[in-house]
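Only one structure is covered here, and it is reproduced in the block below.
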Amino acid sequence: MHILVTGGAGYIGSHACKALAKAGFVPVVYDNLSTGWAEAVRFGPLVEGDLMDRAALDAAFAHYKPLAVMHFAALSLVGESMTNPAKYWRTNVNGSLNLIEATLAAGVKHIVFSSTCATYGDQDGVTLNEDTQQMPINAYGGSKRAIEMMLRDFERSDGLESVIFRYFNVAGADPDGEVGEQHIPETHLIPLMLEAIDGKRPALTVFGSDYPTPDGTCIRDYVHVCDLVDAHVLGLRWLQADKGSRIFCLGSGQGFSVREVIEASRVVTNRDVPIVAGSRRAGDATSLVCGSTRAVQELGWTPHRSTLTQMIGDALKWSRQPPFAK
Ligand code: UDP
């Protein structure tokens, strides 16, 4: 019942491990701990290794004989991907190619892959679903689209079946407080906002107030990390039931502007968010809102925790706990 979980020491991967363990699987985390946390590996063994280390990957497959792979390990910062695209293409694309080759060499034919709404680019006013054309505007989105294409090619050549999830903005934390979001440096809106509320940073900078949206700030679709990982377990079962490769978008179906998220945080915490107006962040799309009908209808997914109130509340609780140590 082993599942190899690359990036399982990271934010989404660690929540996926908890969901897998709850569903009766044993998550084997494969992670180089470059951005993840050993302390977040609580639901199965940790293999410390890099995706570029083929011998270490082969050894992990040989030792644990996983039924399938869940592939979270990646660099995922839009801003950084604009200034250092080589890092993104090298780590995400080369690393995934190495993983796919090791997966096939081990005779494993099922992979669940973390893709992103950043593969769509800037398609103002459109609700994005699985049929929407992908036109990435940053190297992060470009690298993820390339991996999606790679998976398609390896299905044709070797019968590797994949469930690809295109995530919208993942937020919140495990309500039990066992795992949560911890990035160094932190770049994401909700944790930064909570740090500003708690006086851990002077203010939140709002990146751009001149977007063509009702209040001038970017619109995103936020999905609770626990809902997101539930879909991964459903995706794994989908592959095990021989339903074949499929792409699913995962979001709440509702868009909120940066200002609306700030207002929701004020209400949840009963504290004002200190903000300063900043310029646009390179690579940011105006609006990314998900049409998740396919995941709901075909996987039976119910994203019932994905309200701003619950996501901010769970993130707040987590942010006030002692942080992970390496
Ligand atoms: N954002 C912001 N200030 C910050 C961090 C983020 O205004 O300090 C905005 C960002 O421009 C985007 C939204 O918040 O419109 C969500 O950004 P985040 O980095 O959380 O996720 P992304 O959309 O890049 O995956």
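Ligands are counted one by one from 1 in listed order, and the atoms in each one are counted from 1 as well. No hydrogens, no waters, no symmetry mates; every other heavy atom, side chains included, goes into these values.
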Start with the C-alpha distance between F168 and C249, add both sets of side-chain angles, then the distance that settles side-chain contact (heavy atoms from CB on, under 4.5 Å), and finish with yes or no. CA-CA 8 Å; F168 285 64; C249 288; 4.1 Å; yes
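Distances between N or O atoms of L189 and those of ligand 1 include at least one value under 3.5 Å. Checking only distances, Y222 never comes within under 3.5 Å of ligand 1, N or O to N or O. Note: no N/O pair closer than 3.5 Å links H188 and ligand 1 by distance alone.
Looking at N94, T91, T119, N92 one by one, the single match for side chain to side chain donor-acceptor pair (under 3.5 Å) with S143 turns out to be N92.
Under a 4.0 Å N-O distance rule, the pair R152/E148 qualifies as a salt bridge. Salt bridge D284/R280: absent, no basic N to carboxylate O contact under 4.0 Å.
Cluster membership for L77 and V206, using ILVMFWY side-chain heavy atoms within less than 4.5 angstrom, is not shared.
The contact set between ligand 1 and T205, taken as ligand atoms under 4.0 Å from a residue heavy atom, comprises 2 (C), 3 (N), 4 (C), 7 (O), 8 (O). Interface of N169 with ligand 1, defined as ligand atoms under 4.0 Å from a residue heavy atom, comprises 16 (C), 21 (O), 22 (P), 23 (O), 25 (O). Atoms of ligand 1 found under 4.0 Å from any heavy atom of V206, numbered from 1 in the order shown, are 7 (O). Near L204, meaning under 4.0 Å from one of its heavy atoms, ligand 1 places the atoms 8 (O). Near C218, with a cut-off below 4.0 Å to any heavy atom, the atoms of ligand 1 are 15 (O).
Figure legend: R166 and F248 shown without cation-pi pairing, the cationic atom not lying both under 6.0 angstrom from the six-membered ring centre and within 45 degrees of its axis.
Considering only heavy atoms from C-beta on, Y140 stays 4.5 Å or farther from M82 through its side chain. The side-chain heavy atoms of D53 and Y30, taken from C-beta on, include a pair separated by under 4.5 Å.
In terms of protein heavy atoms, atom 8 (O) of ligand 1 is closest to L192 CD1, 3.3 Å. The nearest heavy-atom contact from the protein to atom 11 (O) of ligand 1 is D284 OD2, 2.6 Å. Regarding atom 24 (O) of ligand 1, its nearest protein heavy-atom neighbour is R281 NH2, 2.7 Å. Atom 4 (C) of ligand 1 has as its closest protein heavy atom F207 CE1, 3.3 Å.
Looking at V258 against ligand 1, only its side chain comes within 4.0 Å, counting heavy atoms. Counting heavy atoms closer than 4.0 Å to ligand 1, residue T187 contributes backbone atoms (N, CA, C, O) but none from C-beta onward.
A donor-acceptor contact closer than 3.5 angstrom is absent between the side chains of S115 and Y167.
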